[in-house]
Amino acid sequence: MNREEVIAWLREEDEEKLQNLWRRVDDMRRGHVGEQVHLRGLIEISNICVRCCSYCGIGSENRRIGRYRMREDEILNCVRQAVNFGYGTVVMQAGEDYGITRDWMTGIIRRIKGETELAVTLSLSERPEEDLAAWREAGANRYLLRFETSNRMLYDRIHPPLGEKSSDRFAAILENLKKLGYEVGSGIMIGIPGQTYEDLARDILAFRTLDLDMIGVGPFIPHPETSLGQGSDDVAADQVPNTEKMTYKVIALTRLVCPEANIPSTTALASLNKADGRELGLMRGANIVMPNLTPPQYRVMYEIYPNKACINETSEACASCLSMRILNIGRTVGSGQGGRLKSNMR
Ligand code: 5AD
Ligand code: FES
């Protein structure tokens, strides 16, 4: 598929043609990654962040939220829950928080790998190479870092530098992670103010070039306490809408371009359509969901965008809710770690 074909699909409004696309993509998903939906338990271990990305509700400029960092024993309790619920992976996510020290995190990873069969995924922003290397060495399997947009100018606009250090997830970080032997997940937001159809098509084609193991895409949801959430004048002439429908198109095209990838039906999508957004994502290309394991008192503080799905639920509620949703659409709950397909040998 070339850029023009991707753009044509992104602009497609004919319902019949879209139904054909959903069907084709669902067949492709079944053929390449099967009926299992893998569960990745998400632990939001800290909402402290030194960055001020202009879309994100936990950026350092937001003084209206309480800040937290979970204790080691609290994290390990969530890990035990993941095992009890039958999840194959835990994802530890946080802002760029240097209170999460290299050694502290190394200890936690070692304990999880020593005490459980879980795959360990980290999503801790742009850390120095020494940290990433130590965590990989300690047994972390995967790292998630979305590049958000392949339009360099737009990227720089929404990711202010940190002192002297500019933000460069696209090249340095993603390449570095691969070199260290992580399975790498990345992805984008859809409908960022200033993002054009051409940008979005380039993002989707970049997924293939980057050879990613996991690709997460979700709608941009304006957060009132951020500069990008103030109602922006940055809207492009050829602006991509941040809609539910556009999100399904991007999930579907991602599956077409990367048939073997692990593609989550994201929380941001579920937040736009709480009734059945997650299911529709799974029926239009996705094969992963990420149930939230964060304890309720912290969960409410990890509000990267408003009206986030599951913000008031418990981990038990999400566990049973999601397996029911998966079974209801005729799929099965995945067993094992559900890692990269091409490299299970690695
Ligand atoms: N709307 C949608 N997604 C967001 N993210 C952060 N802020 C927002 C927002 N306002 C996404 C980014 C980030 C991931 C953890 O959450 O893509 O990489
Ligand atoms: Fe959290 Fe449904 S997944 S309540």
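For ligands, and for the atoms within them, numbers begin at 1 and follow the listed sequence.
Between Arg24 and Asp27, none of the side-chain N atoms (NZ, or NE/NH1/NH2) sits under 4.0 Å from a carboxylate O, so this pair counts as no salt bridge. Ion pairing of Arg11 with Asp238 is present here, as a side-chain N (NZ or NE/NH1/NH2) and a carboxylate O approach within less than 4.0 Å.
No N or O atom of His223 sits closer than 3.5 Å to an N or O atom of ligand 1. Taking only nitrogen or oxygen atoms, main chain and side chain alike, Gly57 does not reach within less than 3.5 Å of ligand 1. Not one N or O of Tyr305 is nearer than 3.5 Å to an N or O of ligand 1, by distance alone. The shortest N/O to N/O separation between Tyr55 and ligand 1 falls below 3.5 Å.
The number of heavy-atom neighbours closer than 6.0 Å to CD of Gln19, taken from other residues, nucleotides and ligands shown, is above 12. Dense packing is recorded around CZ of Arg152, with more than 12 heavy atoms of other residues, nucleotides or ligands lying under 6.0 Å away.
Going from atom CG of Leu124 over to atom SG of Cys49 covers 11.0 Å, rounded to the nearest 0.5 Å. Rounded to the nearest 0.5 angstrom, Leu200 CG and Gln239 CD are separated by 10.0 Å.
Using a 4.0 Å cut-off to heavy atoms of Leu322, the atoms of ligand 2 that qualify are 3 (S). The distance from ligand 2 to the heavy atoms of Glu313 drops below 4.0 Å at these ligand atoms: 4 (S). With ligand atoms numbered from 1 in the order given, ligand 1 contributes 7 (N), 10 (N), 16 (O) to contacts under 4.0 Å with heavy atoms of Ile304. Atoms of ligand 1 found under 4.0 Å from any heavy atom of Glu148, numbered from 1 in the order shown, are 12 (C), 13 (C), 17 (O), 18 (O).
With hydrogens and angles disregarded, no donor-acceptor distance shorter than 3.5 Å links the side chain of Arg284 to the backbone of Trp22. In this structure, Gln36 contributes its side chain and Ser335 its backbone to a donor-acceptor pair below 3.5 Å. Side chain of Arg127 to backbone of Asp97: a donor-acceptor contact under 3.5 angstrom is found. With Ser166 contributing its side chain and Pro161 its backbone, the two residues share no donor-acceptor pair below 3.5 Å.
In terms of protein heavy-atom proximity, atom 10 (N) of ligand 1 is closest to Ile221 O, 2.8 Å. Nearest to atom 2 (Fe) of ligand 2 among the protein's heavy atoms is Cys321 SG, 2.2 Å.
Because the distance cut-off is set at 2.8 Å, Cys310 qualifies as a neighbour of atom 1 (Fe) of ligand 2 through one of its N, O or S atoms.
Between the choices Ala270, Cys318, Ser315, the shortest heavy-atom distance to atom 1 (Fe) of ligand 2 belongs to Cys318. In this comparison of Glu44, Arg169, Gln93, Arg146, the heavy atom closest to atom 15 (C) of ligand 1 sits on Gln93. Across Pro219, Gly218, Ser54, Ser186, heavy-atom proximity to atom 2 (C) of ligand 1 is greatest for Pro219.
Close to ligand 1: Met189, with a non-hydrogen atom less than 4.0 angstrom away.
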